[in-house]
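Notes to accompany the following structure.
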Amino acid sequence: MELQVIWFFLWGLLWAAYFMTDGFDLGVGALYPFLGRDETDKRKMINAIGPLWDGNEVWLITAGGVTFAAFPLVYATMFSSLYTPLMFILFGLIIRGVSFEFRGLSENRLWKKTWDICIFVGSVTPALLFGVAFANIFMGIPIDGKGIFHGNLFTLLNPYGIMGGLLFLLLFMHHGALWLCIRTKEGLQERSIHTAKVLWPVMLVVLAVFVISSWFYTDLYANYLVTPLLFAVPLLAVVAFAGSRIFLAKEKFFPAWGMSSAGIVATTFFGIIGLFPNLFPSSLSPEYSLNIMNSSSSPLTLTIMLWVVVIIVPLVIAYQSWAYYMFRFKVEEEDFTY
Amino acid sequence: MDVVLLSRLQFAATTMFHFLFVPLTLGLSILVAWMETRYARTGDEVYLRMTKFWGKIFLINFAVGVVTGITLEFQFGTNWSQYSAYVGDIFGSLLAIEATAAFFLESTFIGIWIFGWKRLSAKAHAAVMWMVAIAGNVSAIWILIANAWMQHPVGYTLRESFGGQRAEITDFMAVITQKFAWLTIMHTLAASIVLACFFVMGISAWHLLKKQHEEVFTRSFRMALVPGLIFSIFVAVQGDFHAVDVAHSQPAKMAAMEFHWETQPNAPSYIFAWPDPEAEKNSIEIGKIPGMLSFLIHHDFSTPVIGLKDIPKDERPPIALVGMAFRVMVGLGAYFIIACSIGWFFRKKLQEKPWYLKMMLWSIPLPYIATQAGWIVTEVGRQPWIVYGLMKTSDAVSPVSTGQVGASLVGFIVVYGLLGLAGFTMIAKKAMKGPDLPEETKA
């Protein structure tokens, strides 16, 4: 029982880590056509995330892998019932990933234009659809007792789902703009600062509307009402985003980005805590919901995997931090690799 | 078409496409790390130019390999949910360990390698490439352990849980140390090195034929020739051990590989045959070698080998495809040894043998064909099982609609088709352009 609880929160943490790390890459991709006004700026944006996006994306692979290992029934049901949106996410991540490498391989204008579009579409699609998917999970998915999904893509594109998508996109765009503030200077940096400042209130309004409408659309608040102390988590999100804005005003970009990271993690955990002990609730009947008790792996597998995670993830964090530290400098034209 | 067939087609298409890029990543990463080490040790600019040239090709190839790998991680859930629920306790943990323990390292360090030229010393930068090469190969090891478990499940028990039966782990060490896994691992990693060596030799041959960048490409050719020769011999010898093991653990696959119907002592081998599954015999048999199959498997002519007739009809794999793919793989494997041996003979006077250089140029696709054929033998030969002897492929599929799978299959064919076209065109373009001139190469 304790093992399942630990794994539930590790599961949430891995998804949060993915949104926090690849979130800014996807955000930079979403801002790419707007802030990348000329070839130099475009290349600066790509090179700003170039060294890190690939390592960041592995948090997604790990989150997926851990879902498979710790809660196989959730992995099976979640990805088969969300088949169509997940396929769109995968196609998005595929075309985004190759774009960075491919774009610089030819000077042909049509070639560059094609990959420019791929960077944008391949960033916006996953950002939106991850939000849509998680909002729908918060609400409950129409699955029956056999894990069969009764709906289609449009079932998921309900008002709350769309709001979730919009929220994720805004969180990531803001996060990405802050990362560009760290890694660029002059014109592009000024535009990134301005963008972050404009996005900030919009993002907070959507966040507030999302959190409030969660009261009507979902059962997330049940846990909070039992243990009011848990309200500290959504509060932390608000504090973190407020802090982010204050640091931005002082032009302390790294702390501002750090606060935004904390905000994204806290926002994710707002939902994760509300879900507990469900991982994949059914909207048809509570007895069809997949929770930590009826979908986990054997205690032996959970124990083995816990050791793997406890030993290796700190190492991953250590060498990824080293990579972040190495690539904190402002991108200059002579640094262009892509 | 039904969901099972569409899902199988999609899995085959996405996995085979992914594996067009994997072996070059595995093998070339080691060669590039070795080139860079030579540069870091000697300071010889030619090694730096080699590292940059082959490194760039490596990166284009890596990019396509990486993005097409993500699909596979999720496809077990999207398309094979019954399988995932049944074996996730074991199979899922192997995939999760791969991501955590190896793929993170590879993906983080490749970024450092690409962007770290000016941030790290030559030695540290070469060390980073070694990390990429090691992590990539370790990553392959975990995936192959997972695949081997589907071929030969060990260290598990079947338990009732949550209203259904599933496989649960009992002995983790048995899963990761089993013989089948390590035979597969050695075979695949060695084949990847052979593929990378033929790739390097073929492109080097093209430049040597044009008499350009001769210093870079003579060295590259020779650097690939030695491991090419060693590992093409290794992969053949080791493959023999692997086949003997398959004969014991998967008799149906072996029988299909050899078009072998009757359980009998003195079992024959054929150079070529074509099966007639309805009549349960071969309609064509060419080059029959009596007793050869018994001898290869049991090292004794008189020991019987199980034939397809003793395997229930609904547990037989597609025979023609498996048997043909096996012949293609073995035939090419023999050619690789011959081609490298000739090269070893001429290693000091490559430029004087244009016919050999031309032959090596046209040999570039052959290891690709051989590795794909090898996977056809492994995977199609396992059918109709998804987990050998435990679960049928037809019971493993997700409760999704044909429309969904049909649409995603078309999507994959279009996107991957364009991606493959762009990727290979760019690799060919970079390869033909050749390395930067000495004054253009900056550390």
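In this text the structure is predicted, and so the values were computed from the model without any measurement. So that the names make sense, note that chain A is the first sequence line, chain B the second, and so on, each numbered from 1.
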Requested in this report: Over all heavy atoms of both residues, which pair between A/Trp111 and B/Ala422 is shortest? Give the atoms and the distance, please.
Outcome: CH2-CB, 4.0 Å
Query - Sidechain-backbone polar pair: A/Tyr83 side chain, B/Thr78 backbone, donor-acceptor under 3.5 Å - result: no
Query raised in the report: Out of B/Asn79, B/Leu120, B/Val87, which one racks up the most heavy-atom pairs below 4.5 Å with chain A?
Result: B/Asn79
**Report entry** Contacting moiety of B/Leu94, where chain A heavy atoms sit under 4.5 Å
**Finding:** neither
Report summary line: Okay, A/Ile304 and chain B: the region with an atom under 4.5 Å from a heavy atom over there is side chain
Query raised in the report: Between A/Tyr75 (side chain) and B/Ser84 (backbone), is there a donor-acceptor pair under 3.5 Å?
Result: no
Query raised in the report: Where the side chain of B/Lys430 meets the backbone of A/Leu105, is there a donor-acceptor pair that is under 3.5 Å apart?
Result: no
Requested in this report: For A/Thr301 and B/Asp89, indicate whether the former's side chain and the latter's backbone hold a donor-acceptor pair under 3.5 Å.
Outcome: yes
**Report entry** Engaged part of B/Val405 at the chain A interface, taking heavy atoms whose separation is under 4.5 Å
**Finding:** both
Query raised in the report: Less than 4.5 Å apart, any side-chain heavy atom of A/Phe79 and any of B/Gln75?
Result: no
Report task. Among A/Gly50, A/Pro51, A/Gly65, single out the residue with the greatest number of heavy-atom pairs under 4.5 Å to chain B. Result -> A/Pro51
**Report entry** Min side-chain heavy-atom separation B/Gln404-A/Phe149 under 4.5 Å
**Finding:** no
Query raised in the report: Can you tell me if NZ on B/Lys123 sees more than 12 non-hydrogen neighbours from other groups inside 6.0 Å?
Result: no
Query raised in the report: Measuring heavy-atom distances to chain A, does B/Leu105 have an atom under 4.5 Å in its side chain, in its backbone, in both, or in neither?
Result: both
Query raised in the report: Looking at OG of A/Ser106 and NZ of B/Lys429, how far apart are the two atoms once the value is rounded to the nearest 0.5 Å?
Result: 4.0 Å
Query raised in the report: Can you tell me how far the CZ atom of B/Phe104 sits from the OH atom of A/Tyr319, to the nearest 0.5 Å?
Result: 6.5 Å
Query - Close side-chain approach of A/Phe102 to B/Ile60, heavy-atom, < 4.5 Å - result: yes
Report task. Please report the closest heavy-atom contact between B/Phe74 and A/Gly64, naming both atoms and the distance. Result -> CE2-CA, 4.0 Å
Requested in this report: Go through the atoms of A/Leu90 and report whether side chain, backbone, both or neither lie under 4.5 Å from a heavy atom of chain B.
Outcome: side chain
**Report entry** Residues, nucleotides or ligands: over 12 heavy atoms within 6.0 Å of A/Phe9 CZ
**Finding:** yes
Query raised in the report: Quick one: is the NZ or CZ of B/Arg119 closer than 6.0 Å to the six-membered ring centre of A/Phe329, and within 45° of its axis?
Result: yes
Report task. Tell me, for B/Val66 versus chain A, whether the close heavy atoms (under 4.5 Å) come from the side chain, the backbone, both or neither. Result -> side chain
Query raised in the report: For the candidates A/Gly147, A/Pro72, A/Ala63, which exhibits the highest count of non-hydrogen atom pairs separated by less than 4.5 Å from chain B?
Result: A/Pro72
Report summary line: In this structure, OG1 of A/Thr62 is separated from CG of B/Leu95 (nearest 0.5 Å) by 11.0 Å
Query raised in the report: Looking at B/Leu418, B/Val415, B/Ile90, which one has more heavy-atom pairs under 4.5 Å with chain A than the rest?
Result: B/Val415
Query raised in the report: Given the options B/Tyr416, B/Phe109, B/Tyr83, which has more heavy-atom pairs under 4.5 Å with chain A than any of the others?
Result: B/Phe109
**Report entry** Where A/Ala76 and B/Ala85 come nearest, the two heavy atoms and their spacing
**Finding:** CB-N, 4.0 Å
Report summary line: Assert top hit (heavy-atom pairs under 4.5 Å, partner chain A, pool B/Gly77, B/Ala407, B/Ser93, B/Gly423) equals B/Gly77
Query raised in the report: Any idea which heavy atoms bring A/Ser80 and B/Val400 closest together, and the distance?
Result: O-CG1, 3.5 Å
Query raised in the report: What residue in B/Phe115, B/Phe172, B/Tyr86 has the most heavy-atom pairs under 4.5 Å with chain A?
Result: B/Phe115
Query - Side-chain heavy atoms of A/Trp322 within contact of B/Ile112, under 4.5 Å - result: yes
**Report entry** B/Thr100/A/Val313 under side-chain contact (heavy atoms from CB on, under 4.5 Å): CA gap, chis, key distance, verdict
**Finding:** CA-CA 7 Å; B/Thr100 323; A/Val313 169; 3.9 Å; yes
**Report entry** Atom pair CE/CD1 of A/Met305 and B/Ile97 - distance to nearest 0.5 Å
**Finding:** 5.0 Å
Report task. Could you look at A/Leu60 and say if it's the side chain, the backbone, both or neither that has a heavy atom under 4.5 Å from chain B? Result -> both
Query raised in the report: Do the ring planes of B/Phe76 and A/Phe68 sit parallel (below 30°), tilted (30 to 60°) or perpendicular (above 60°)?
Result: tilted
Query raised in the report: If you take all heavy atoms of B/Thr108 and A/Ala323, which pair is closest and at what distance?
Result: CG2-CB, 4.0 Å
Query raised in the report: Which pair of non-hydrogen atoms, one from B/Gly111 and one from A/Phe327, has the smallest distance, and what is that distance?
Result: O-CZ, 4.1 Å
Query raised in the report: Out of A/Leu73, A/Leu300, A/Leu302, which one racks up the most heavy-atom pairs below 4.5 Å with chain B?
Result: A/Leu300
Query raised in the report: Got A/Asp54 and B/Ile110 here, is their nearest side-chain heavy-atom distance under 4.5 Å?
Result: yes
Report task. Decide yes or no for A/Glu57 and B/Ile70: does some side-chain heavy atom of the first lie under 4.5 Å from some side-chain heavy atom of the second? Result -> yes
Query raised in the report: B/Glu73 versus chain A, heavy atoms under 4.5 Å apart: side chain, backbone, both or neither?
Result: both
Report task. Sort B/Thr170 into side chain, backbone, both or neither according to what part of it lies under 4.5 angstrom from a heavy atom of chain A. Result -> backbone
Query - More than 12 heavy atoms of other groups within 6.0 Å of A/Arg109 CZ - result: no
Query raised in the report: Checking A/Asn47 against chain B: side chain, backbone, both or neither under 4.5 Å from a heavy atom?
Result: both
Query raised in the report: Quick one: OG on B/Ser107 to CG on A/Leu52, what's the gap to the nearest 0.5 Å?
Result: 12.0 Å
Query - Interface moiety of A/Val98 toward chain B, non-hydrogen atoms closer than 4.5 Å - result: both
